[in-house]
Every structure is written in structure tokens, then in C-alpha cells.
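Structure record follows, encoded as C-alpha cells.
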Amino acid sequence: MTVLKQEGWKELMSNIFEKIREQVVSVTNKAFLSCEKKGSIPGITLPEMSIETPRERGFGDFSTNIAMQVAKQAKLPPRKLAELLVSEMDFSGTYIERVGIAGPGFINFYLNKDWLYDALKIIQKMRERYGEVDLGKGKKVNVEFVSANPTGPLHMGNARGGALGDCIAGVLNKAGYDVTREFYINDAGNQIERFGLSLEARYLQHFLGEDHVEFPQDGYHGEDIIDHAKNYIEKYGDALLSKTTEQRQKALVDYALPINIENIKKTLSSYGIEYDVWFSEKSLHESGAVHKTIEFLKENGYTLEKEDAIWLNGEKLGLEKDEVLVRNNGIPTYMAADIAYHRNKFITRGFDWVIDLWGADHHGHVARMKAAMTPFGVDKEKFEVVLFQLVRLFRNGEVARMSKRTGKAISLGDLLEEVGRDAARFFFNLKTSGSHLDFDLDLAVKQSNDNPVFYVQYAHARICSILRKLAEEGIAPRPVEEVNLTLLKEKEEEELIRKLSEYPEEIILSAKSLEPSRLTRYVMDVAANFHSFYNACRVKGEEEELMYARLVLVDCTRIVIKNILELIRIEAPEKM
RNA sequence: GUGCCAGUAGCUCAGUAGGAUAGAGCAACGGACUUCUAAUCCGUCGGUCGGGUGUUCGAAUCAUCUCUGGCACGCCA
């Protein structure tokens, strides 16, 4: 018999599930060996064993379908094979109390309660570090998100990308990666050109009248452009009227761009996002990195020249078409800069893993960028793009346009003022990135009680209230070693402990899928289990031994909730 | 036209390395506060998993076809 390596099932201190899985796998493997030795089953190759938690508690705490999977190989009916295995199992030294066979051939494992007590012990011992796992093994990962054009305020797409990216970064950090949060400032190129044209038009309109100055067709129509022009005039007057167009645009851009970038920084900061790196696109042009990147591609035969432009050779990279890198006017495209930027991330700065968050409207860019990195020897697996579906705003039941060009959009700053950071972040992290998000402004602005963020925060405040009341009587949680946890016999108590024990597992799954929204839903489950417990059991006023046992449970629940809310940067209030 | 994402309860959504009777919140209805915060809890109602075919012990999950919605296909980013 060959036992395949159990990938990722290394000993993880904080994760009781890992320990249990190891025990189940080990017990089952030994049973296979034992059966083989006796000749009751032929030699077989075991696939990686999947251990799951059955939906129904009656089917045990954990189960495996291994008997069904290898029934053919063993030339035995699944149930018969399961029976043979079970008869050879030795549970000594494990949490396993008994096993059962059910359905088409599932082997169900029933555990004794020690694992629940151990789970609480781990939480109390690790406290704010509970949930940390070593999935990443210190690998350097760069998470780039928002990266909005600094030509205007942040919109709802940025808001979703911001919440998602920041939480992905938080989860990966918890999962043992060395995370860098990064914002790519598009302070060069065409959109800056249009920004300058728009500012100039508003500037001139101020003096010459709106009807006498044509506004650029693809310009930025937002009010903020008019404000910039007005503010500039207030400060510096009409001096630019006598300058050349070029000088005028440069002066206006030099004035307005830093203000926009500063506003973006402020807004994101009040949204709870702190970046490690603000990376300027302009710097890539100025340092010659873009030029060098294009030269590299040229020298290695990845480019074509046609129609007076330099193109990325699509055929050679397995793409459907060629892409322009340098326009016929000699100016590199956004794509050229983006290739240089990612080359910088991988080659210059040596990240092991690069994650970009893009709105789904950029999905066409994914294959291109991934292909464009192969000439630099970057493994495609190291470059991941998380696409999130765009946000649709609803007002009075109607879709509200959110383009910053229309000037009618509600900005992230507006949203934060209206609904607050907690509700906004929670809301944007409730759904998987792939699902469309309809943001009902009326509902969000209402700050109604059905907002799930209050539900979770209330659970935390309730716990703090219990702890506070007991503290007033000089009572504080004791170390589990001094507490009789076997008194926690109620259904609600057990369910709550089980839920708390799943946290490290949730971190692993969130990190692997890059879906932190599952953490948001998980913490709602924790809160729900706590509220049920709260309504079924009392802490204060119970007989002392029981009170101290419940106090451990309550304190552990507080730790988990606080822990997650801190990770997703939402307030954990002690009073509400 | 081609490609990407989505379609699961009245509404908003979970659930996809195939598993046992498909879940939650909201809404609706009925209950629970002299006791640590009722912003809570308990219960009831609610389903052709868009549709068809296939793969197999077993499909919301995989393959294929099809319908519907959103998005992308630029010397824009």
C-alpha cells in the first residue's frame, strides 16, 4: 500500500481541526495497513483522504468517504470495506470515542468532549494571536488595490475594491504571509492629459464665459474640476491667461494633482486603509524603467513594428491580437507602463506572489498582463488578479450613474459621511467578489437596525457588559486549568465552542480562496451562536464553578469577535 | 459576433478540489423581557438549485448545449 503525502496537514498549533484530521487520517491509514496484513483487502493506493464535518450532528463530528473512493480498487462494496476498516481501528491516544458506518459507506467519527476543551484552551492561551496559521510561511506577497486615477474623488468601485483588498491583505497577513499593501498612482499618461485639458477649460471658462470655451469631449465633467480651477484663481489670479496652453495645463495639473492625491489618502485613511507603498507611475517613466522594459521585450523578439508604432507580439505570447506598447507619437501606452510596473514588483522587488484587484470591467486585461510577464520568467501562478464585479448604486429604486465624469456620482467620502466606516466596510465585505453588488443608498443611509454590523457589534458589547458587571464584583476569567469545563453541557454552549474552534480553519479557507467575505459571514455566525447562548444560559449569578466555566467561554467568544473585527477594521464597541 | 462573470426560497445572498434530508438573513406569521443590554432569542411558512442532455454508486457543484442579465473586446485606462 502507498500512502500519499497529506499536503498542508502539518501541525498547526492554533488549529484544532488540523490535529483532529491528523488523528482521523492516521487511524484510518493504520486500519488499511492492518487489513492488508491480514489479507482481507488487496494492496491499494490511497488518494488524499478528505475529512469533512457532516451537516447532521447525528453523523458524527467528522467523517470520511474513503471507503467509497477506493471500493473499486479494493474490489469490495463500500459498506463492506468500511466495516473491515472499522473493525481494525485503534483509537488510543486520540479524541475519537467511537465510529459508525452510514449511508452508502461513510465512516463517521464521534469524538469525546476533550477537543472542545482544548479548543478553548488554545483560544485563551493565544488570545489576540488566535487564528494565526502558517500557510504563507513568510512569503512576500504584494496586494495592490484601489489604485484609482487621481483625477477625481473615489467612487463606489474603489470603495468595494478598497474593502476587499484591505481584507485580503489582512487575511493573508493572518495566514502567515509577509504582506505589502500598495496603491499605484496613475499620475502619468492620457488621463493626466485629459485632466489638464479639463482644468484648463474650466480655468478659461471662468474668465471668458462658458459659451466661449469649448469643454473637451472626453474631459472630466465633475464639479471638482471647476472647484480646482476656482481655487487656483483665488490663489494665483489670472496669470495663466498670458501663458501657453502647455504651461497653463502643467501649472494647473501641478496644483490640482497633489491635492487630489492627498484627498484620496485622507479618504482611504478614514476608510481604515493604511498603505505600505504609494507607487507612482510617473516614476517608472522618469527612471527609464518603462523604456528599459520595452527595450528588453524588443531585444528578445516579443515586439513588432507596424503603422509607426511598437506592438507587443500577440501571437508569440499566445494572445488573440497584438497590443500597442508605444504609440506612433512616441508615447508609451498604459500597457507598457503596467508591464514595467509588474516587472518592478516581481524582478526588482522580488515578490513571491503578486495580487492585483481590478474591477470586472478590466477583465480583458488579465490574459494580456499575465502573458506579458512570461518574457521576464515570471511563473503565471505567482500573478493573481482578483476581479470584483462593479457596484450599482440605487436611489429611489433607480440605478444611479456612478461615473465620475458625469459629476453626479456619490463618492466614497460621501458614503463614509452618511453611513460610516463600519457599515460601509461590512457591507462591501458581505458578498463574494464575483457577485454583483447592488448598493441601495437609501437603505445604507438609513442606518437601520437590520444592518448586520450592529448584530455583531451588539454581541461584543453584550459580552463586555457581562465582563464589566462581574468585574465590579471582583470576578475575572480564570485560566482553563483552574476551571471545570465539563460543566459546559448545554447545547448552546457546545455549539458556540465548535464555532469558535473553526476560526483558524476559516482563515485558511479565506486565504486560499482570497474571499474574506467568508470571514464576515463567519463572525455573524459567531455572534448568532453567542446570542443563542446568551438567551439560554446565564453567567452572573450561577453557581460558582459553572459561572467560571461560562466565563471562559464568554471571554473566548469576545477574543474571537474582537480579533475578526480588528482584522476587517471595524469597531468593536464595549458599550452600545 | 467572440470572450469573462453571474442565474439557488417572495427579496438579498451562502454553499463548486462531487457526498448523506440544499442553508442563512430579511420579509410574513406565532411566541419569549421582575434576572448579566429585547439592537436579542425560540418556532412556523417558504425550493422544477434558469432549462435540456451527458459523466457515476452519488451532480447546485464536472462536461456539453441552450435561455436570461451584466461587462469587455481602442495607438483608453
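Just so it is clear, the values below take in all heavy atoms, side chains as well, and ignore hydrogens, waters and symmetry mates. Within every chain, numbering begins at 1; the chains are lettered A, B, ... in the order of the sequence lines, protein sequences first and strands thereafter.
Across the strands present, C36(B) finds no partner; the criterion is a Watson-Crick or G-U wobble pair with both atom distances under 3.5 angstrom. Here A28(B) sits opposite U44(B) as a Watson-Crick or G-U wobble pair (both hydrogen-bonding atom distances under 3.5 Å). The partner of G74(B) is absent, by the rule that a Watson-Crick or G-U pair needs both atom distances under 3.5 Å. Base pairing annotation: A63(B) forms a Watson-Crick or G-U wobble pair with U53(B), both donor-acceptor distances under 3.5 Å. In this structure G69(B) sits in a base pair with C5(B), meeting the Watson-Crick or G-U test at under 3.5 Å. With a cut-off of 3.5 Å on both pairing distances, A22(B) has no Watson-Crick or G-U wobble partner at all.
Contacts of Cys464(A) with the nucleic acid, taken as non-hydrogen atoms under 4.0 Å apart, are absent. Within the nucleic acid shown, Lys575(A) comes within 4.0 Å of at least one base atom, counting heavy atoms only. Counting non-hydrogen atoms under 4.0 angstrom, His531(A) reaches the backbone sugars and phosphates but no base. Contact annotation for Thr432(A): backbone-only contact, meaning every heavy-atom pair under 4.0 Å involves sugar-phosphate atoms and none involves a base. At a threshold of 4.0 angstrom between heavy atoms, the contacts of Arg521(A) are confined to the sugar-phosphate backbone, with no base atom among them. Note on Arg368(A): a base of the nucleic acid sits closer than 4.0 angstrom, heavy atoms only. Residue contacts shown for Gly541(A) are absent, as no nucleic acid heavy atom lies under 4.0 Å away. Asn328(A) comes within contact range of at least one nucleobase, with a heavy-atom separation under 4.0 Å. Among the atoms of the strands shown, base atoms are found under 4.0 Å from some heavy atom of Glu307(A).
Look at the P atom in both G18(B) and A60(B): the space between them is 14 Å, to the nearest Å. The P atoms of U44(B) and C11(B) are separated by 23 Å, rounded to the nearest whole Å. Comparing A17(B) with U61(B), their P atoms sit 12 Å apart, to the nearest whole Å. The separation of G3(B) from G74(B), taken at their P atoms, amounts to 16 Å, rounded to a whole angstrom.
Under 3.5 Å, the side chain of Asn108(A) and the base of A20(B) form at least one donor-acceptor pair of N or O atoms. No hydrogens or angles were tested; on distance alone, nothing pairs the side chain of Ser517(A) with the base of A14(B) as donor and acceptor under 3.5 Å.
Ring geometry for Trp358(A) versus His365(A): interplanar angle of 30 to 60°, hence tilted. Relative orientation of the Tyr220(A) and Phe195(A) rings is perpendicular, given thresholds of 30° and 60° on the angle between their planes.
A stacked arrangement is not assigned to Tyr455(A) and the six-membered base ring of A39(B), the conditions of a centre distance below 5.5 Å and an interplanar angle below 30° not being jointly met. Aromatic stacking is marked for His362(A) over A77(B), as both cut-offs hold: 5.5 Å for the centres and 30° for the planes. Between the side-chain ring of Phe106(A) and the base of G19(B), no stacking contact exists by the 5.5 Å and 30° definition.
For Asn190(A) and A77(B), the shortest distance from a side-chain N or O to OP1 or OP2 is below 4.0 Å. Between Tyr458(A) and A39(B) there is a side-chain N or O to OP1 or OP2 distance below 4.0 Å. Side-chain N/O atoms of Arg462(A) include none lying less than 4.0 angstrom from OP1 or OP2 on A39(B). Arg327(A) has a side-chain polar atom (N or O) that falls below the 4.0 Å cut-off from OP1 or OP2 of A77(B). Taking 4.0 angstrom as the limit, Tyr534(A) places a side-chain polar atom (N or O) nearer than this to OP1 or OP2 of A38(B). A sub-4.0 Å separation between OP1 or OP2 of G19(B) and a side-chain N or O of Ser50(A) is absent. The phosphate of A14(B) has OP1 or OP2 within less than 4.0 Å of a side-chain N or O from Ser435(A). Of the side-chain N and O atoms in Lys540(A), none sit less than 4.0 angstrom from OP1 or OP2 of U35(B).
Residues Glu505(A) and Asn15(A) have side chains that bring a donor and an acceptor to within less than 3.5 angstrom of each other. Side-chain contact annotation: Asn186(A) with Gln191(A), donor-acceptor N/O pair under 3.5 Å absent.
With respect to Asp61(A), the salt bridge (charged side-chain N to carboxylate O under 4.0 Å, His left out) criterion is satisfied by exactly one of Arg21(A), Arg498(A), Arg98(A): Arg498(A). Ile463(A) pairs in a side chain to side chain contact (heavy atoms under 4.5 Å, CB included) with only one of the listed residues (Val554(A), Ile559(A), Val539(A)), which is Val554(A).
Phe109(A) has its side chain out of reach of Ile51(A): every pair of non-hydrogen atoms, C-beta onward, lies at least 4.5 Å apart. Looking at heavy atoms from C-beta onward, Val526(A) lies out of side-chain contact with Tyr503(A) at the 4.5 angstrom threshold.
Note: OH (Tyr548(A)) to P (C36(B)) measures 19 Å, nearest angstrom.
Taking 90° from 0 as the syn/anti boundary, the base of C45(B) is oriented anti.
Checked against the 6.0 Å centroid criterion, the rings of Tyr341(A) and Phe279(A) qualify as a close aromatic pair.
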Grab the N/O contacts between the protein and nucleotides 60-63 of chain B below 3.5 Å, and write none if there aren't any.
none

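When atom types are taken as modelled, the side chain of Thr333(A) and the backbone of Val324(A) share a donor-acceptor pair closer than 3.5 angstrom.
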